[in-house]
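It should be emphasised that the depicted structure is a prediction, and the values quoted were computed from it without experimental measurement.
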There are 2 protein chains.
Amino acid sequence: MSSICLPLAISDEEVDRIDRIVERGRPLRRGDHVFRAGEAFESLYAVRSGAVKTYTLTEEGEEQIMGFHLPGELFGMGGLSAGRHPNSAAALETSAICEIPFARMEPLSRDIPGLQRHLFQLMSREITEDQQLMILLSKKSAEERIASLLLGLSSRFKQRRLSPRTFRLPMSRGDIGNYLGLVVETVSRVFTRMQRSGVLEVAGKDVTILEPERLAEMAGTRLEER
Amino acid sequence: MSSICLPLAISDEEVDRIDRIVERGRPLRRGDHVFRAGEAFESLYAVRSGAVKTYTLTEEGEEQIMGFHLPGELFGMGGLSAGRHPNSAAALETSAICEIPFARMEPLSRDIPGLQRHLFQLMSREITEDQQLMILLSKKSAEERIASLLLGLSSRFKQRRLSPRTFRLPMSRGDIGNYLGLVVETVSRVFTRMQRSGVLEVAGKDVTILEPERLAEMAGTRLEER
DNA sequence: CGACAATTTGACTCAAGTCAACTAGGGTGG
DNA sequence: CCACCCTAGTTGACTTGAGTCAAATTGTCG
């Protein structure tokens with residue numbers, strides 16, 4: 001099971017060792033927090049089922065969502081360097097989370113060379129994703145932002161062997177807007193527009209991508225560039 | 001001298017050891033690259049004089065500036081985890097850069113406990129800054145963005161014991177716009193507007209902050225929020 | 001079955017982008 | 001040393017994508 005949490009090419013015996021330090025259970029309900037900004041960093045977390053958002057608060061107390069985390073994905077490593085979590089993490093729907101105490105992981109990572117590298121890669125991937133998001137926020141239109149988000153989700157579902165064509169959005173329109181720097185109304189309008197143009201089939205949180213190629217086109221270059 | 005590059009509470013002897021591995025010289029001219037995206041990560045860099053921008057290219061080949069680096073600041077640690085630089089770094093004006101070969105630094109960091117922590121803190125600060133930028137990009141108006149940038153620069157100049165009130169912008173209007181997700185014309189207009197309202201004195205790249213309090217106000221909450 | 005929250009839709013506004021023309025600097029070669 | 005050229009910056013007129021406000025509709029959970 002923890003092979004889902006930490007997909008990595010290691011021996012059964014090693015899986016076992018990791019398995020023993022992973023703490024299970026902890027079923028969370030929509031809105032429950034996994035951790036809050038400022039708390040000491042003690043564990044990494046993996047989504048077993050459900051979905052999680054990580055966010056910070058602006059000086060004015062508004063929420064800014066930094067990322068969504070789907071089953072099989074790790075989160076909470078933002079605090080690794082600083083020793084405390086720079087942002088909060090809350091469940092988007094009923095979720096099962098596994099906790100991986102970091103202190104017990106460090107000795108392991110000495111014995112399993114792949115593990116250390118794997119963690120570094122995860123951190124670096126997070127930085128890359130942040131940068132992608134910055135580009136999205138600074139240069140893309142509402143349509144491009146939403147197309148990118150949908151394609152990203154689609155490919156992540158595919159990785160987890162779920163349908164990349166049809167899936168249920170775990171987050172609200174408000175969350176999508178917050179994440180992408182748009183207001184709810186705009187998110188809603190773009191969804192209906194995409195539906196009308198036949199690219200998507202949308203029914204509440206259930207989305208079907210009818211024309212992936214066209215969606216990809218929409219996510220990319222928009223006329224003439226800037 | 002390297003105490004400027006790595007400001008850190010360590011003994012003279014230790015400064016000496018670090019000093020010996022820092023490579024000097026390398027005067028760069030406007031537009032010259034320190035490193036390019038994709039190159040192997042081998043060193044950290046510090047700005048001795050001048051200024052540097054780090055940027056990535058979007059899929060469409062446009063530049064997206066990720067940060068500006070002033071004298072005394074380290075840059076290029078984005079590649080630390082991945083092993084290769086995720087973005088490029090170019091001089092904004094004639095600059096002197098010191099290079100700190102990372103391989104020679106690692107043994108040192110075992111002996112100097114503060115050093116390792118210092119590096120982690122730097123990485124974590126970079127992540128925090130990226131997140132601040134994301135909030136800026138997703139929630140703030142043109143005026144707020146520029147006010148924030150100016151205040152940020154001001155406080156960084158102050159840290160380096162330069163005037164926080166009067167300074168020369170090392171980057172072009174175009175670079176500012178690119179960084180903040182605005183077009184040049186907007187940047188230019190906001191500058192003139194701030195000048196007319198008496199908050200700033202602007203003459204080309206020379207800026208004087210006349211009313212810091214008002215600028216800070218502009219950087220913060222803008223009517224009613226979102 | 002309500003009651004409240006989330007979503008959608010329409011009408012209107014406005015901040016920032018686009019296009020275009022003009023001006024000011026900065027650096028180079030004669 | 002200065003004329004010229006090229007790039008950077010400014011300004012104005014106009015357009016537009018996304019935000020705001022408001023109202024209707026749907027969904028959801030206790």
Inset, instruction - Report the distance from atom CZ of A:R168 to atom C1' of D:dG27, rounded to the nearest whole Å. - result: 11 Å
Legend entry - Interatomic distance where CG belongs to A:L92 and P belongs to D:dT28 [whole Å]: 15 Å
Legend entry - Contact check, side chains of A:Q64 and A:N178, non-hydrogen atoms, under 4.5 Å: yes
Legend entry - Trace of the side chain to side chain contact (heavy atoms under 4.5 Å, CB included) decision for A:R48 with A:I97: CA-CA 5 Å; A:R48 176 185 297 276; A:I97 304 299; over 6 Å; no
Inset, instruction - Could you state the atom-to-atom distance from CD of B:E143 to C1' of C:dC14 in whole Å? - result: 14 Å
Legend entry - From B:Y55, B:Y45, B:F41, residue fulfilling ring-ring contact (aromatic ring centres under 6.0 Å, His included) relative to B:F35: B:Y45
Inset, instruction - Check whether any side-chain heavy atom of A:R156 lies under 4.5 Å from a side-chain heavy atom of A:E73, and answer yes or no. - result: yes
Legend entry - Distance below 4.0 Å between B:R189 side-chain N/O and C:dA16 OP1 or OP2: no
Legend entry - A:F191 CZ - D:dT26 P separation (whole Å): 19 Å
Inset, instruction - Name the residue closer to the 5' end of DNA chain D, choosing between A:K205 and A:A142 according to the nucleotide with the nearest heavy atom. - result: A:A142
Inset, instruction - For A:I146 and C:dT8, give me the distance from atom CD1 to atom P, rounded to whole Å. - result: 10 Å
Legend entry - Protein-nucleotide distance (B:R29, atom CZ; C:dT28, atom C1'), rounded to Å: 13 Å
Legend entry - Proximity to the side chain of A:V183 - top-ranked nucleotide from C:dA6, D:dA22, D:dG19: D:dG19
Inset, instruction - Grab the CD1-C1' distance between B:I176 and D:dA8 for me, whole Å please. - result: 12 Å
Inset, instruction - Could you check whether A:R193 gets within reach of a base, just the sugar-phosphate, or nothing at all, counting any heavy atom under 4.0 Å? - result: nothing
Inset, instruction - Could you check whether B:G204 gets within reach of a base, just the sugar-phosphate, or nothing at all, counting any heavy atom under 4.0 Å? - result: nothing
Inset, instruction - Among D:dA8, C:dA6, D:dT11, find the nucleotide with the atom closest to the side chain of B:S172. - result: D:dA8
Legend entry - Atom pair distance, as rounded to whole Å: CD in B:E185 and C1' in D:dT15: 14 Å
Inset, instruction - Using a cut-off of strictly less than 4.0 Å, decide whether B:R30 has a side-chain nitrogen or oxygen near OP1 or OP2 of D:dA8. - result: yes
Inset, instruction - Ignoring backbone atoms, test whether A:T186 places a side-chain nitrogen or oxygen under 4.0 Å from the OP1 or OP2 oxygen of D:dG19. - result: yes
Inset, instruction - Give the C-alpha distance, both sets of side-chain angles, the deciding distance and a yes or no for salt bridge (Lys or Arg N to Asp or Glu O under 4.0 Å) between A:R193 and A:E143. - result: CA-CA 9 Å; A:R193 213 185 309 149; A:E143 195 172 78; 3.6 Å; yes
